[in-house]
Asker: 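Please read through the structure below; I'll follow up with questions.
The first residue of the sequence shown is numbered 1, and numbering continues consecutively from there. Computed from heavy atoms alone, side chains included, the values below leave out hydrogens, waters and symmetry copies.
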Amino acid sequence: MPLISFIDVRFFPPEETRERLEKRFTRHLRLLRCGLVAAFRSGNHPLPEGDADKLLSVDITHIDRIRVQRRAGRIIERRQAASGLAHLVRADRERLTTLHDGVNLVEIATEHRADEIAAALHEEMPWMGAATEQIWHAMRRSVRDGTAGLRLPPILLDGPPGIGKSFWARRLGELLSVPTTVIEATNENASYAPSRSH
């Protein structure tokens, strides 16, 4: 399946936490003070035993720690500002990290496969035939046009409660092997309580 970029944001390595940056900067400061930066950059990982002892003997003052903490804090703040996700709470930012590499596009391999999906949907819910027909034509069109991924038009399912609108949308997702989300809109300021499935 091809991948497509889903959101226009920058993701920074999640393992580079403030604490990890502080540790790295402190080590670099020690390397600078004992003249071992060149040896470290040349690829001597880990440092020879004598150099490692020399590195550990370098004192880091309270002022050094404050400067390191400030520098790490500024980097984290600037990364958050540059990411485009700074306005979100941490939990929401972490949820979006799954989109780091993009999302997989669903493809319908053949028109025959489109026919099978539409037939399965229609067999379970024949009363939703108008919606199923729209999806069926869209799937066949995607195959014929050779588009990258399946393209479905937005569909508004309108009808009385309990006829299976949400079930139909979830079942379509199952047949396409994609996750679905139901958003209950009962908390919105409206005289009705719609729900949407994606």
Asker: Looking at Arg79 and Glu16, does any basic side-chain N land under 4.0 Å from a carboxylate oxygen?
Answerer: yes
Asker: For residues Ala138 and Leu152, report the shortest heavy-atom separation together with the two atoms involved.
Answerer: CB-CD2, 3.8 Å
Asker: Step by step, would you call Arg65 with Thr61 a side chain to side chain contact (heavy atoms under 4.5 Å, CB included)?
Answerer: CA-CA 6 Å; Arg65 284 192 185 88; Thr61 66; over 6 Å; no
Asker: Can you confirm whether Arg90 is buried at CZ, in the sense that more than 12 heavy atoms of other residues, nucleotides or ligands lie under 6.0 Å from that atom?
Answerer: no
Asker: Who pairs with Glu15 by side-chain contact (heavy atoms from CB on, under 4.5 Å), at least two apart in sequence or on another chain?
Answerer: Pro13, Arg20
Asker: Would the number of heavy atoms belonging to other residues, nucleotides or ligands and lying under 6.0 Å from CG of Asp158 be above 12?
Answerer: no
Asker: State yes or no: do Phe12 and Val9 share one hydrophobic cluster built from I, L, V, M, F, W and Y residues joined by side-chain heavy-atom distances below 4.5 Å, directly or via other members?
Answerer: no
Asker: Show, in sequence, the C-alpha distance, side-chain angles and deciding distance for Met125 and Thr132, and conclude whether the side chain to side chain contact (heavy atoms under 4.5 Å, CB included) test is met.
Answerer: CA-CA 9 Å; Met125 288 166 282; Thr132 302; over 6 Å; no
Asker: Below 4.5 Å, heavy atoms only, C-beta onward: do Leu85 and Phe11 meet side chain to side chain?
Answerer: yes
Asker: Are the side chains of Phe25 and Gln69 in touch, meaning some heavy atoms are under 4.5 Å apart?
Answerer: no
Asker: Which heavy atom in Thr17 sits nearest to a heavy atom in Ile76, and how many Å separate them?
Answerer: C-CD1, 4.3 Å
Asker: With a 4.5 Å heavy-atom cut-off, do Leu96 and Leu88 have their side chains touching?
Answerer: yes
Asker: Out of curiosity, does Leu150 fall in the hydrophobic cluster containing Val178 (side-chain heavy atoms, cut-off under 4.5 Å, transitive links)?
Answerer: yes
Asker: For atom CD1 of Ile63, is the number of surrounding heavy atoms from other residues, nucleotides or ligands below 6.0 Å larger than 12?
Answerer: no
Asker: Between Arg74 and Glu77, is there a side-chain N and carboxylate O pair less than 4.0 Å apart?
Answerer: no
Asker: For a 4.5 angstrom cut-off between non-hydrogen side-chain atoms, does Arg18 reach Ile75?
Answerer: no
Asker: Mind checking the CZ-CD spacing from Arg171 to Glu174? Nearest 0.5 Å is all I need.
Answerer: 5.0 Å
Asker: Compare every heavy atom of Ile135 with every heavy atom of Ile155, then report the nearest pair and how far apart it is.
Answerer: CD1-CD1, 3.4 Å
Asker: Can you find a heavy atom in the side chain of Ile108 that is under 4.5 Å from one in the side chain of Ser142?
Answerer: no
Asker: Could you check whether any side-chain heavy atom of Met139 comes within less than 4.5 Å of a side-chain heavy atom of Ile117, counting everything from C-beta outward?
Answerer: yes
Asker: Please name the pair of heavy atoms, one in Asp64 and one in Asp59, separated by the smallest distance, quoted to 0.1 Å.
Answerer: OD2-O, 4.3 Å
Asker: Do other residues, nucleotides or ligands put more than 12 heavy atoms under 6.0 Å from the CD atom of Glu116?
Answerer: yes
Asker: With Met128 as reference, evaluate Leu121, Leu172, Leu157 under the side chain to side chain contact (heavy atoms under 4.5 Å, CB included) test and give the passing residue.
Answerer: Leu157
Asker: Are Arg93 and Gln80 side-chain neighbours, meaning at least one heavy-atom pair lies under 4.5 Å?
Answerer: yes
Asker: Can you hop from Leu21 to Leu31 via hydrophobic side chains spaced under 4.5 Å?
Answerer: no
Asker: Between Asp115 and Arg140, does any NZ, NE, NH1 or NH2 come within less than 4.0 Å of an OD or OE carboxylate oxygen?
Answerer: yes
Asker: Measure the CZ-CG distance between Arg71 and Leu29 for me, rounded to the nearest 0.5 Å.
Answerer: 10.5 Å
Asker: Apply side chain to side chain contact (heavy atoms under 4.5 Å, CB included) to the pair Phe167 and Glu124, showing each step before the final yes or no.
Answerer: CA-CA 10 Å; Phe167 179 77; Glu124 290 182 42; 4.0 Å; yes
Asker: Just by modelled atom types, is the Ile163 backbone N or O under 3.5 Å from a matching donor or acceptor in the Trp127 side chain?
Answerer: yes
Asker: Would you name the heavy atoms of Leu176 and Val106 that are closest together and state the gap between them?
Answerer: O-CG1, 3.7 Å
Asker: Taking all atoms of both residues into account, what is the closest heavy-atom pair of Ala114 and Trp136, and its distance?
Answerer: O-CD1, 3.7 Å
